[in-house]
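Lettering of chains follows the sequences in order, A, B, ..., and the numbering in each one begins at 1.
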There are 2 protein chains.
Amino acid sequence: MKNRIKVLRAEKDLTQAELAKQLSVSRQTVNAIEKGKFDPSLPLAFKLSSLFGKSIEEIFQNEE
Amino acid sequence: MKNRIKVLRAEKDLTQAELAKQLSVSRQTVNAIEKGKFDPSLPLAFKLSSLFGKSIEEIFQNEE
DNA sequence: GTTAAAAGTAAAGTTTGTTTTACTTTTTGT
DNA sequence: ACAAAAAGTAAAACAAACTTTACTTTTAAC
């Protein structure tokens with residue numbers, strides 16, 4: 001599972017800490033997801049989707 | 001988080017056990033997700049999406 | 001109305017996602 | 001070059017997703 005969070009975050013000029021706050025998760029969680037350490041939960045994926053105004057499929061790519 | 005899995009599964013005429021096998025998860029996992037006991041992981045949501053030929057947003061509805 | 005298949009449920013255990021604390025490295029601005 | 005902010009990283013602890021085993025209830029077919 002790949003994601004475009006780092007780029008989308010850059011487009012909105014947000015720091016990891018700012019994004020984390022808007023998502024109500026820790027900064028480390030944002031960092032870990034960006035770095036591909038693990039995938040977010042589905043609810044968190046929906047939050048990202050709504051925050052960035054993109055579909056989940058536009059943000060995450062399944063690499064099976 | 002609500003989902004339409006039960007209906008989509010009925011449309012494809014699959015049992016929970018059959019769907020579980022196609023998803024490579026246990027039957028209890030399918031049952032629990034259908035009954036709303038918890039949300040699937042994002043990778044599992046993608047598998048469901050691809051199996052049913054529907055977007056994640058068409059299958060799951062975020063109720064925050 | 002019995003039987004068999006499917007669905008529901010539950011406890012104990014493993015794995016994965018997330019938090020907290022804390023420290024190091026990189027980037028940015030002066 | 002220096003300081004401050006941002007990003008990276010890691011371990012311990014907790015929470016949520018998922019498995020396995022096993023049993024009960026509902027549904028469908030005869």
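Looking at residues two or more places apart in sequence or on another chain, you find a side chain to side chain contact (heavy atoms under 4.5 Å, CB included) between A/T29 and A/V25, A/S26, A/I33, A/L44. For B/R9, the side-chain hydrogen bond (donor to acceptor under 3.5 Å, both in side chains) partners at least two apart in sequence or on another chain are B/E34.
We find that NZ of B/K47 is positioned 17 Å from P of D/dA17, with the value rounded to whole Å. A/Q16 has its CD atom 5 Å from the C1' atom of D/dA7, to the nearest Å. Following rounding to the nearest Å, B/L44 (CG) and C/dT16 (C1') show an atom-to-atom distance of 13 Å. Per the geometry, CG belonging to B/D39 stands 9 Å off P belonging to D/dC18, to the nearest Å. When rounded to the nearest whole Å, the span between CZ of B/R9 and P of D/dT27 equals 13 Å. Taking atom CD1 of residue A/I33 and atom P of nucleotide D/dG8, one finds them 13 Å apart after rounding to whole Å. In this structure, CD1 of A/I5 is placed 12 Å from P of D/dG8, rounded to the nearest angstrom.
Here the nucleotide nearest the side chain of A/F38, chosen from C/dG17, C/dG8, D/dA7, is C/dG17. In the set D/dT19, C/dG8, D/dG8, the nucleotide with an atom closest to the side chain of B/K35 is C/dG8.
Close to C/dT16, at under 4.0 Å from its OP1 or OP2, lies no side-chain N or O of A/S41. Contact check, A/N31 against D/dG8: a side-chain N or O comes under 4.0 Å of OP1 or OP2. At the phosphate of D/dG8, OP1 or OP2 sits under 4.0 Å from a side-chain N or O atom of A/K6.
Here the side chains of A/F60 and A/L48 are in contact, with some heavy-atom distance below 4.5 Å. You'll find the side chain of B/K35 reaches within 4.5 Å of the side chain of B/N31, heavy atoms only. A heavy-atom distance below 4.5 Å is not found between the side chains of B/L42 and A/S41. Side-chain contact check for A/L14 versus A/Q22: some heavy-atom pair is nearer than 4.5 Å.
The backbone N or O of A/M1 lies less than 3.5 Å from a partner atom in the side chain of A/E63, making a donor-acceptor pair. Put simply, the side chain of B/E57 gets close to the backbone of A/I56: a donor and an acceptor are under 3.5 Å apart. The main-chain N or O of B/L23 is found under 3.5 Å from a side-chain atom of B/K47 such that the two form a donor-acceptor pair.
Heavy-atom distances under 4.0 Å link DNA chain D to B/S24, B/V25, B/S26 of residues 18-26 of chain B, given in residue order.
End-to-end axis angle for the helix from C/dG1-D/dC30 to C/dT30-D/dA1, using five pairs per end and rounding to 10°, comes out at 60°.
B/K37 contributes atom NZ, which lies 10.5 Å from atom CD of B/Q28 (distance to the nearest 0.5 angstrom). Here the CZ-OG distance, from B/F46 to B/S55, works out to 10.0 Å after rounding to the nearest 0.5 Å. Put simply, CG on B/N3 and CD1 on B/I59 are 8.5 Å apart, with the number rounded to the nearest 0.5 Å.
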Polar atoms only, N or O, under 3.5 Å: list the protein pairs with nucleotides 22-24 of chain D and their distances.
residue: D/dA22; atom: N6; partner: B/Q28; partner atom: NE2; Å: 2.8

Would you tabulate the pairs of protein nitrogen or oxygen atoms and nucleotide nitrogen or oxygen atoms of nucleotides 12-14 of chain C closer than 3.5 angstrom?
none

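Looking at heavy-atom distances under 4.0 Å, B/T15 makes contact with sugar-phosphate atoms alone, never a base.
Nearest-nucleotide assignment on DNA chain C puts the 5′-proximal partner with B/K37, out of B/P43 and B/K37.
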